[in-house]
There are 2 protein chains.
Amino acid sequence: MEWTFRADAPLYTQLCEQLTFAVVSGVFAAGERLPAVRELAVDAGVNPNTVQRALGELERGGLVYTLRTAGRFVTADKARLEAARRALAEARAGEFLRVMEKLGYDRAQAAALLEEREGDEAT
Amino acid sequence: MEWTFRADAPLYTQLCEQLTFAVVSGVFAAGERLPAVRELAVDAGVNPNTVQRALGELERGGLVYTLRTAGRFVTADKARLEAARRALAEARAGEFLRVMEKLGYDRAQAAALLEEREGDEAT
DNA sequence: GCTATTGTATCAATCACTTAATACAATCAC
DNA sequence: GTGATTGTATTAAGTGATTGATACAATAGC
């Protein structure tokens, strides 16, 4: 998996987000075992503790679970994964609408703005 | 004007955003004089330096200008204000689409999600 | 010209947070 | 049972950024 980090936010935060997106969107399949903490750490070029901290968040959200010495696994509960994906999307949508409203765009205008956009390919 | 600060981001950042939104959406009219740095500081309950820093950002964006001892004024260039408003909206839209894409929503689905939402009044 | 009010500059300290090193614990595999 | 591999806990230190106190500078207004 590809890791990219900006300098304007903590590593563990970005790690958490990227891991969440990966899990929720199926990069790691439901029930699949994740690479070990140390492995992920080497792969991403960060300290194992940092990975640990990020994964702790995922665990609290029920997206992954831990078998003490066997490793971490993505939950097998596909409904839960889908619900999480949806919840993330809803949250982002909510934030987006709040900000747009402060800028004087109502819901319809905000939606229209999305569709009008040209050439914003997210490489 | 109403100030609200969260604890999860620097004051000057939030101040900057709130001032930008206020200026761009006409809370302070084009050409109007802004309250003095010290006045805003008292009003918002922060240090004058913090206000100064935030306003510096607005100035760099051409939204306000300074007359050394007379105060700060919103630019009289309404086109510029409108352009800034639009640019902010576009930027947010772009971010939103990028994230939604990572979550597996294409542009149309993202837009649809906005319109489906119920009861998300931004009090 | 004097004074009050404006923005500006400087400097320091505190504060919190992130990151890292290291050691511990448990159990799977053989 | 032994060792390798897993996650976990503890602790420290760097580090960097934010905020605040204070002094400076310029000029508008009377």
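Quick note on labels: first sequence line is chain A, next is B, and so on, each numbered from 1.
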Query raised in the report: Using 4.0 Å as the upper bound for N to carboxylate O, is an ion pair formed by B:Arg86 and B:Glu90?
Result: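 A salt bridge links B:Glu90 with B:Arg86.
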Requested in this report: Output yes when A:Glu101 and A:Arg98 qualify as a salt bridge under the 4.0 Å nitrogen-oxygen rule, no when they do not.
Outcome: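 A salt bridge is absent here (no side-chain N lies under 4.0 Å from a carboxylate O).
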Report task. Return yes if some donor-acceptor pair links the side-chain N/O of A:Ser25 with the main-chain N/O of A:Phe21 below 3.5 Å, else return no. Result ->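 The answer is yes, because a donor-acceptor pair under 3.5 Å joins these two groups.
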Which of the following nucleotides, [options], is nearest to the side chain of [X]?
X       : options               : value
B:Ala70 : D:dA28, C:dT19, D:dG7 : D:dA28
B:Tyr12 : C:dC28, D:dT18, D:dA9 : D:dT18
A:Ala36 : D:dT6, C:dG7, C:dA9   : D:dT6
B:Arg53 : D:dT19, C:dG7, D:dT6  : D:dT19

Report task. Give a yes or no on this: more than 12 heavy atoms of other residues, nucleotides or ligands lie within 6.0 Å of atom CD of A:Glu2. Result ->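 No, not enclosed.
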Whole angstrom is fine here: how far is it from [atom1] in [X] over to [atom2] in [N]?
X       : N      : atom1 : atom2 : answer
A:Arg6  : C:dT18 : CZ    : P     : 14 Å
A:Leu34 : D:dT5  : CG    : P     : 19 Å
B:Asp8  : C:dC15 : CG    : C1'   : 17 Å
B:Tyr65 : C:dG7  : OH    : C1'   : 15 Å
B:Leu15 : D:dG20 : CG    : C1'   : 15 Å
A:Arg68 : D:dT8  : CZ    : P     : 6 Å
A:Phe73 : C:dC28 : CZ    : P     : 10 Å
B:Leu67 : D:dA28 : CG    : P     : 8 Å

If only side-chain N and O atoms of [X] are considered, is one of them under 4.0 Å from the OP1 or OP2 phosphate oxygen of [N]?
X       : N      : answer
A:Arg38 : D:dT5  : no
B:Asn47 : D:dA21 : yes
A:Gln52 : D:dG7  : no
A:Arg33 : D:dT6  : yes

Report task. Take A:Leu19 and A:Leu63 through the test side chain to side chain contact (heavy atoms under 4.5 Å, CB included) and record every step on the way to the result. Result -> CA-CA 10 Å; A:Leu19 285 168; A:Leu63 295 180; over 6 Å; no
Report task. For A:Thr69 and for B:Asn49, find the nucleotide of DNA chain C with the closest heavy atom, then tell me which residue's nucleotide is more 5'. Result ->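 Per heavy-atom nearest nucleotide, the more 5' residue is B:Asn49.
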Query raised in the report: Starting at the 5' end of DNA chain C and moving along, which residue's nearest nucleotide shows up first, B:Gly71 or A:Leu11?
Result: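 Comparing both residues, the 5'-ward one is B:Gly71.
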Query raised in the report: Hey, is the side chain of B:Arg72 pairing donor to acceptor with the base of C:dG7 inside 3.5 Å?
Result: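 Between C:dG7 and B:Arg72, which were checked side chain against base, a qualifying N/O pair under 3.5 Å is absent.
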Query raised in the report: Strictly by modelled atom types, are A:Arg72 and A:Thr66 linked by a side-chain donor-acceptor pair under 3.5 Å?
Result: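 There is such a pair (donor and acceptor under 3.5 Å, judged by atom type) between the side chains of A:Arg72 and A:Thr66.
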Query raised in the report: If we call it a pair only when both distances are under 3.5 Å in a Watson-Crick or G-U wobble match, what pairs with D:dG14?
Result: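 Paired with D:dG14, as far as the under-3.5 Å criterion goes, is C:dC17.
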Query raised in the report: With sugar-phosphate meaning primed atoms plus P, OP1 and OP2, does B:Leu55 contact a base, only sugar-phosphate, or nothing at under 4.0 Å between heavy atoms?
Result: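 Answer is nothing: B:Leu55 stays at 4.0 Å or more from every strand.
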